[in-house]
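Letters A, B, ... are given to chains in the order of the sequence lines, protein chains preceding strands, and every chain is numbered from 1. FYI, side chains are in, hydrogens and waters are out, and symmetry mates aren't considered; it's all heavy atoms of this structure.
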Amino acid sequence: MGEITSLRDAIADLAFDGATVALEGFTHLIPVAAGQEIIRQGRRDLTLVRMTPDIVYDQMIGAGCARKLVFSWAGNPGVGSLHRFRDAVQNGWPVPLEIEEHSHAGMANRYVAGAAGLPFAVLRGYVGTDLVAQTPNIKPITCPFTGEVLTAVPALNPDVGIVHAQRADRAGNVQMWGITGVHKEVVLASKRSLVTVEEIVDHLDPRPGAVILPHWAITYVAEVPGGAHPSYAMGYSERDNDYYQAWDAISRDRDAFGDWLTSTVMREVRAILGDQA
Amino acid sequence: MGEITSLRDAIADLAFDGATVALEGFTHLIPVAAGQEIIRQGRRDLTLVRMTPDIVYDQMIGAGCARKLVFSWAGNPGVGSLHRFRDAVQNGWPVPLEIEEHSHAGMANRYVAGAAGLPFAVLRGYVGTDLVAQTPNIKPITCPFTGEVLTAVPALNPDVGIVHAQRADRAGNVQMWGITGVHKEVVLASKRSLVTVEEIVDHLDPRPGAVILPHWAITYVAEVPGGAHPSYAMGYSERDNDYYQAWDAISRDRDAFGDWLTSTVMREVRAILGDQA
Amino acid sequence: MMTIAAARALRDGARCFVGIGRPSTAANLARRTHAPDLVLIYESGTIGAKPGTLPLSIGDGVLAETADTVVSVPEIFNYWLQPGRIDVGFLGAAQIDRYGNINTTVIGDDYRSPRVRLPGAGGAPEIAASCREVIVVVKQSPRAFVERVDFVTSVGYGSGPGDRARLGLTGRGPALVITDLGIMEPDPETAELTLTQVHPGVAPAQATAATGWPLAVAGTLSTTPEPTAAELAALRDLNRQAGP
Amino acid sequence: MMTIAAARALRDGARCFVGIGRPSTAANLARRTHAPDLVLIYESGTIGAKPGTLPLSIGDGVLAETADTVVSVPEIFNYWLQPGRIDVGFLGAAQIDRYGNINTTVIGDDYRSPRVRLPGAGGAPEIAASCREVIVVVKQSPRAFVERVDFVTSVGYGSGPGDRARLGLTGRGPALVITDLGIMEPDPETAELTLTQVHPGVAPAQATAATGWPLAVAGTLSTTPEPTAAELAALRDLNRQAGP
């Protein structure tokens, strides 16, 4: 529990073909390096879960890792569309992508239910929208006291939950601050989990606004400095806005994306294999 | 919103005979001074809500403020029983006290539902216990996805929610740290609210573990240094364990309690009236 | 003009749930002009953010650093949005219809095989449901202003008066639709979006031509006051800080 | 002896949900002897508390100051207790019955007019339901160890084997009942509490005499090892720090 290991070994142990995998991070602390490691390890048929699929999921979808996407907002934030996601949904390239679509409130509450060991969550949401007709995972529920009808969504309990955080100590306790989104919920909701961190330190000095996950609630911790790039890790790095802009052009075209995949993500595979040879 | 006023004026405006009033604070930051002000103002027929009725509720019950108590654990923590509470329940003295009894998990979730604007909350709880038969406010609920039967409890939305906190700024934003229990939930769940604070400061400098309530989510803020005594306010005061011990003897006997009431809580009334004369 | 008109619609002291892009610019403009105490709330969990520069995403560091408090995403939706604590929700739209219903999901008739796949719902359905009122900011064109949206992502007035109450939606719904040509408001009787204001130099016919249904025009149509020097300066300042 | 036996029952590294009084003393004793990595969790929301002195309440400042993290009370119940993340729950009891059901609510047959009004449930019902296992610590007497509790505040084995599964309770239930005379464990077949161990110098007859039902005694009855010097020293140390 909270075992400190390498990113490669953690992904190799956690991610399997067909797994339900959630990488979370609400604009901040997105575990991009972990997503790219999943690409490198060639995982297939994943059900990818994420409130805000953005660049890292566009990369994973474009690389053919995913069979299904469960989400609430898929876009390149501040820039525009996710072209690999659109290509998969509209044209089935490189493989067809099934989607299950929610609202942010619905997804957040699905993680809350998952973290709380409940089979479902209740919210005021979705009512009157066309989202309801598209999935069996949005249902009415009646208050047993007032008779009011609300909305229920089922818990999310991914096989693997992955987030990025600022720091861990040597016992594997994790500390994060700034916008922490659904970080706690996804780690607690998932059967197994990985937290990549900017830095492993001797002691987690208390910080305003910090959220702590005790080591025994996490499966693996891996030190991956810059592991959230092009998103940011408050106190460690800035958001790389140029990358978000540049991704638009790279991802718009299948060949450009293929070149990018070969020359960046997969080059590291060769480098790694070279190390071992 | 977040209007800074005196304790006396806040209670006079907020508390009314027959109101449902929740004073919260889980061992820490208990708004004892506010409870004693309610006694001084002679409020009657209150429905008192609190997870852990302890000395302050024993005082309010003994003073005849309450018609009903909604709670999950009533005791003098670390010492023993609440004698005024027992006298009211077992002997109807000074007035009969109706009770509605829950578990901590149930009460906490009732506040969560109240804060979230939902009519009920769902939990794994109460099943198999004799608590279920004693109130209509514990009901089964079936998961619309799995068919599993869980437990529902109705939201708590008190007329008045009161907590104590460490600090507020001059705009009425409140900062608290340490054990914050259901502080946030009770303020957000209540129709109107009061936060008593140790100190009003110019600027709330960020602190590890601090919870902030924005001024617009609070009705009144009153500066009441030591307002949590005999409980404590981390960073300002220590728990007065002698008081908890001494309360056992004072509260055991109706006359001793009456003397205490006259000589301490009500003496302040005379002092106040004297001021005005 | 659209941004300035949107900024003006924000009352000082209001709690405003802000999306990224034009809503964020408008809200920050308002905070720098007539509404210094506007409370900006972003769905990333930042409450009371006071960014000095325009954030590029709803989760920029500057929002967290300047916020009164940062809460989790479940908390922002459950404790702050859902109970109706937010005065104004700011939404954009790919399509909006006669009754202010919004589509940000798919263009085309077949959800499973869309002509254009859009980003999806995000926080919008519950913002549209639970904020006391909603302001929609969207550039006007017949493609965007349609008789009926292809997909209802967020409910406006449904199919007409009374629908919101029937659905149990607690907020009032879209109070203003601000475009680059003018402002529409729901008719108090029919709930139909009606042109009530045009921006300087815009003829009502331009607005009706840019609308995909026969747009009702209010009997007394006002004209948006020209931007003030202070507004223009503040806007320039915001845009300059946002970088290229 | 009761406290020392309870401390010994805690495996190092276990996550332990601790109530105040004897459970807290036992847990802190364990942490200072054989289980330095015991994780103490209090229902006040303190996770990983490492108090240097014995707390007098479950919400003492020393718990918050020494904890790995402090969470809200809803969170401690919903995210940490409810999903089964806690290994051991420590409970006391005013009454406990043959099947390990616990009463901390009322003594007497009439709930509305009790002979003795007790503090009530607190966290106990859900601790008893959701911890992987439960250890009950209670002084033995026929008044406390009754055939049937007057009120089921927290479920042990209900009315016998299979009841927990039928009720959907996820934890295993009371694994040990530790008294001042010895230790009882549920019979694997009947789920009935059975004396399996006596403390040094205690005859089994003393235990059966102090039990309000015909107490089953295990075929092979062990004796609790004498307190070690280290245990006694640590306990003295804890009690001294707690003050008079």
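- Between B:Tyr236 and B:Trp177, the ring planes lie tilted relative to each other; the angle falls in the 30° to 60° range.
- Of residues 73-91 of chain C, those residues with a non-hydrogen atom less than 4.5 Å from any non-hydrogen atom of chain B are, in numerical order, C:Glu75, C:Asn78, C:Tyr79, C:Trp80, C:Gln82, C:Pro83, C:Arg85.
- Here the side chains of C:Arg172 and C:Val134 are not in contact, with every heavy-atom distance at 4.5 Å or above.
- For B:Ser231, there are no side chain to side chain donor-acceptor pair (under 3.5 Å) partners at least two apart in sequence or on another chain.
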Evaluation steps, side-chain hydrogen bond (donor to acceptor under 3.5 Å, both in side chains), between C:Glu192 and C:Tyr157:
CA-CA 8 Å; C:Glu192 188 179 320; C:Tyr157 296 100; over 6 Å; no
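- Within the 4.5 Å cutoff, the side chain of B:Val197 has heavy atoms near those of the B:Val221 side chain.
- Listed by chain and residue number, B:Phe85 satisfy the ring-ring contact (aromatic ring centres under 6.0 Å, His included) test with B:Phe71 (two or more places apart in sequence, or in another chain).
- For C:Val70, no part sits under 4.5 Å from any heavy atom of chain B, backbone or side chain.
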Listing, residues 205-215 of chain B side-chain donor-acceptor contacts under 3.5 Å, not counting sequence neighbours, or none:
residue  : atom : partner  : partner atom : Å
B:Asp205 : OD1  : B:Arg167 : NH1          : 3.4
B:Asp205 : OD1  : B:Arg167 : NH2          : 3.0

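- B:Ala217 touches chain C through its side chain: at least one heavy atom from C-beta onward sits under 4.5 Å away, while N, CA, C and O do not.
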